[in-house]
Every structure is written in structure tokens, then in C-alpha cells.
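Numbers here simply count residues along the sequence, with the first being 1. When reading the values below, keep in mind they use all heavy atoms of this one structure, side chains included, and skip hydrogens, waters and symmetry mates.
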Amino acid sequence: MRPRFSCPLLAVLLLPLACQSSRSSPVPAGDGGTPRQILLTGTDVVGLSSLAVGPSGALFTMTEREPLLIELSPDGAVVRKTAVRGAPEGVDFESLAWLSGESFAIGTEGGCSKTGADRILLATREGDAAHVTRTLDVPLSAWGAACDEGHGLEGLCAASGKLVAAIEEALNGEGKARYAPIERIDPATGERAVFRLSLTSTKDEKGKISGLDCRARGDDRIEVLAMERHFEVSRILSFTIPAKGPGTEAPIEPRVLVDLAPHTNGGKRNFEGIVWKDDTHALLIIDNQYGEKISGPNELLEVTLP
């Protein structure tokens, strides 16, 4: 999220045993503690705010303020830029999931004050444009949350035919407890399940979910990789949710995989998307625009996972 200026759904559930994963201490990032930097080439756009992976390792990202879908090669070269048409006025693009073929889901920010819901746009890429074909609402009342035009659907991923989304706005619980609102959506049937993911940062640190990736684990579970961040707070989390069934109010406890605080460049690196590269590596994309300032180059970081 950025101040407005600009900014950034949801997912989780557990079976009683599978869902309550234990939180562990952060571990060093990358080989030798240093992530590998991959500079993006072939574009001068700034403010990239999502990351998704498709067939053969193809990567996809979006610009937050401009309706533009960008395809990247695994080494960071721009392969294709596609304008997105048919998006509602006044929304920013915050998160992205590849569904299948040329179909994508786009998480947005803005407009909730009119509808009481954040929105996911389903779009199909064809020729020189990607056209929005359908909109899914994510009502904030499911968590008793209020609309915040600066905190939208910052995380979005797809697995087992479901979407998992995370809202950037954190919910405060009793004492020091803080939660990220998570929702699992079946776009085919409209079935929904809502959850609360325990955040690992304090109220003063203000960490929020800024990116998700997910993958199927058998027929009944979805494994989720998440980015929790706010300036110097930058942690890669993991948790598992059921692929079907109702949600729960019991908080889901994530596992901390990597603490990236030493690699935030003093908080200037704003991690806005995450995907698995393979079982032991993740790729993160940096949003390099804060307000009207450019904080650094367009870049990906490759991080080693435990």
C-alpha cells in the first residue's frame, strides 16, 4: 500500500490439526543470507504491484495506477504488455492471479465506500487487450470490517479451482492480536469461506499482507505463501487451508519462513508480490513508487526458502 497517492484477498482455512501450524523463528534469507537481484528490462513503467506465475515459469505483473498487464520472462525481460479494458473507474490494480490459458483474476483497491465491498476482476487476454468479463465482490461485512479506500485486495492467488484473497487492512483482536482478513472463493459456484490469519508483527510495526501465492496439496488442502510487510517489517509466511468447506473464526497461525528485514534497504524496498519459483525458492517483486518518488529500480528478488 502507498499513501493515497496509491495503494493495494484472501485465503485460509484449516482442518483442526492441519490448520494450526506453529510459528517459528525467522531464518536468514537467500543463499548466504543474500537474495539474488533480478533487474527488469524492456520497460520504463514504475509502480509494479503484483506477481503471478503461469505456464513454463512465465511471470505476470501489473501497474497499480495504469491498467496494464505485463508478462515477464523468468530472467526479468518484458515479453508482452497488454492494456486492461473494462475495469471500473477509480480502482487501482493491487494483486494478480493466473487462472488458466489467457484468463486472470485481478484484485483491486478503491470503490468500497459505494458498495461495501472490494472487487476482484476476471479478465481474458486476447490480441492487444485484456477484457474484464466479470466482477466478484468481497463484502467487508464478513469480518465486521469497515471500508478503507486505501486498503484493498493486496493478495490474490488461485489453486484447486479456488481463489484465495487477502485484504490489506488489519483487524485488531484482544490484547496484541492482529489478523488479516482472508477469503476463499469458488468463482464457478460463488461458494465463499472467510478466515482470519494471525499476523506476526505488532500494532506498532503495522505489518500487513501484501502478496499471496498458493498451490494444491492433494484434493483437500491449499498451501499458501504470503508476504507480510510494512517498511522495515518484511516476512515470508506459510500456512495451509482446506480447499473446501466452511470458514472459521479461529485464527490461523502461520509459520515464518524468512525474515527479509536486512534486505529492505531501510524500508525502501516495498515487497508487493510473491510466487514460488520452485520448492526451495520464491520470487518477490518490488513496488518502487512511493507517492511521487521512485525508490529504486524495477526488480525481482529471488529468495531461498527453508
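- The structure places NZ of Lys268 at 9.5 Å from NZ of Lys293, a figure rounded to the nearest 0.5 Å.
- A search for side-chain hydrogen bond (donor to acceptor under 3.5 Å, both in side chains) contacts involving Asp137 returns nothing, not counting sequence neighbours.
- The CD1 atom of Ile209 sits 5.5 Å away from the CG atom of Leu197 when rounded to the nearest 0.5 Å.
- Residue pairs satisfying the disulfide (SG to SG under 2.5 Å) criterion with at least one member in residues 167-238, sequence neighbours excluded, are listed as follows: Cys157-Cys214.
- For Asp186, the side-chain contact (heavy atoms from CB on, under 4.5 Å) partners are Lys162, Ala188, Thr189, Glu191, not counting sequence neighbours.
- The side-chain heavy atoms of Asp219 and Ser160, taken from C-beta on, include no pair separated by under 4.5 Å.
- Sorted by first and then second residue, the disulfide (SG to SG under 2.5 Å) pairs involving residues 228-297 (not counting sequence neighbours) form an empty list.
- Note on residues 235-306: no pairs pass disulfide (SG to SG under 2.5 Å), not counting sequence neighbours.
- Gly110 and Arg119 get closest at one heavy-atom pair: O-NH2, 3.3 Å.
- At least one side-chain heavy atom of Ile236 sits less than 4.5 Å from a side-chain heavy atom of Met227.
- To the nearest 0.5 Å, atom CD1 of residue Ile70 and atom CG of residue Leu40 are 8.5 Å apart.
- The side-chain hydrogen bond (donor to acceptor under 3.5 Å, both in side chains) search around Thr133 returns none, not counting sequence neighbours.
- Closest approach of Pro67 to Phe93, counting heavy atoms only: CA-CE1, 3.4 Å.
- Shortest non-hydrogen contact noted between Lys203 and Lys206 is O-CG, 3.1 Å.
- Distance alone, capped at 3.5 Å, is enough to place a donor-acceptor pair between the Ser210 side chain and the Phe271 backbone.
- Judged by distance alone, the side chain of Glu228 and the main-chain N or O of Thr200 form a donor-acceptor pair under 3.5 Å.
- Between atom CG of residue Asp213 and atom CG of residue Leu51 there is a gap of 8.0 Å, rounded to the nearest 0.5 Å.
- For the pair Gln37 and Leu301, the minimum side-chain heavy-atom distance is below 4.5 Å.
- With a 4.5 Å cut-off on side-chain heavy atoms, Leu69 and Phe60 count as touching.
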For residues 99-107, which side-chain N or O atoms pair as donor and acceptor with protein atoms under 3.5 Å away, sequence neighbours left out?
residue, atom, partner, partner atom, Å
Glu102, OE1, Arg125, NE, 2.5
Glu102, OE1, Arg125, NH2, 3.0

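- When side chains are defined from C-beta on, Thr43 does not count as touching Leu72, because their heavy atoms never get closer than 4.5 Å.
- In this structure, Arg178 has no salt bridge (charged side-chain N to carboxylate O under 4.0 Å, His left out) partners at least two apart in sequence or on a different chain.
- Between Lys81 and Glu66 no salt bridge is recorded (no basic side-chain N to carboxylate O distance below 4.0 Å).
- Taking the charged nitrogens against the carboxylate oxygens, Glu168 and Lys208 have no contact shorter than 4.0 Å, which rules out a salt bridge.
- The side-chain heavy atoms of Asn270 and Ser295, taken from C-beta on, include no pair separated by under 4.5 Å.
- Across all non-hydrogen atoms, the minimal contact from Ser113 to Glu149 is OG-OE2, 2.6 Å.
- Listed by chain and residue number, nothing satisfies the salt bridge (charged side-chain N to carboxylate O under 4.0 Å, His left out) test with Asp204 (two or more places apart in sequence, or in another chain).
- Taking the side chain as every heavy atom from C-beta outward, Leu283 and Val53 never approach each other to under 4.5 Å.
- Closest non-hydrogen pair, Ser73 versus Leu59, comes out as O-CD1, 4.0 Å.
- For residues 74-136, the pairs satisfying disulfide (SG to SG under 2.5 Å) are Cys112-Cys147, with sequence neighbours left out.
- In this structure, Thr61 OG1 and Glu71 CD are separated by 12.0 Å, a value rounded to the nearest 0.5 Å.
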Between His281 and Arg36, is a side-chain contact (heavy atoms from CB on, under 4.5 Å) present by the stated rule, with each step listed? CA-CA 10 Å; His281 296 87; Arg36 183 171 75 96; over 6 Å; no

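- For the side chain to side chain contact (heavy atoms under 4.5 Å, CB included) test with Leu121, the passing option among Leu136, Thr135, Leu153 is Thr135; the others fail.
- Qualifying salt bridge (charged side-chain N to carboxylate O under 4.0 Å, His left out) partners for Arg85, counting only residues two or more places apart in sequence or in other chains: none.
- Considering only heavy atoms from C-beta on, Thr108 stays 4.5 Å or farther from Ile120 through its side chain.
- Legend: residues meeting side-chain hydrogen bond (donor to acceptor under 3.5 Å, both in side chains) with Asn265, ordered by chain and number and at least two apart, are absent.
- Side-chain atoms of Asn298 never come within 3.5 Å of backbone atoms of Asn288 as a donor-acceptor pair (strictly under, hydrogens ignored).
- A donor-acceptor contact shorter than 3.5 Å links the side chain of Arg134 to the backbone of Pro187.
- No chain of hydrophobic side-chain contacts below 4.5 Å, direct or via other Ile, Leu, Val, Met, Phe, Trp or Tyr residues, connects Leu237 to Val233.
- Of the inter-residue distances, the one linking Arg269 atom CZ with Asp287 atom CG reads 13.5 Å to the nearest 0.5 angstrom.
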Run the numbers on Leu140 and Asp148 for side-chain contact (heavy atoms from CB on, under 4.5 Å), then give the verdict. CA-CA 10 Å; Leu140 299 170; Asp148 185 332; over 6 Å; no

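- Linking Ile, Leu, Val, Met, Phe, Trp and Tyr residues whenever their side-chain heavy atoms come within less than 4.5 Å places Leu156 and Val194 in a single cluster.
- A donor-acceptor pair under 3.5 Å links the side-chain atoms of Ser201 to the main chain of Gly207, judged by distance alone.
- For the pair Arg80 and Gly127, the tightest heavy-atom approach, listed with the atom from each and the gap, is NH2-O, 2.9 Å.
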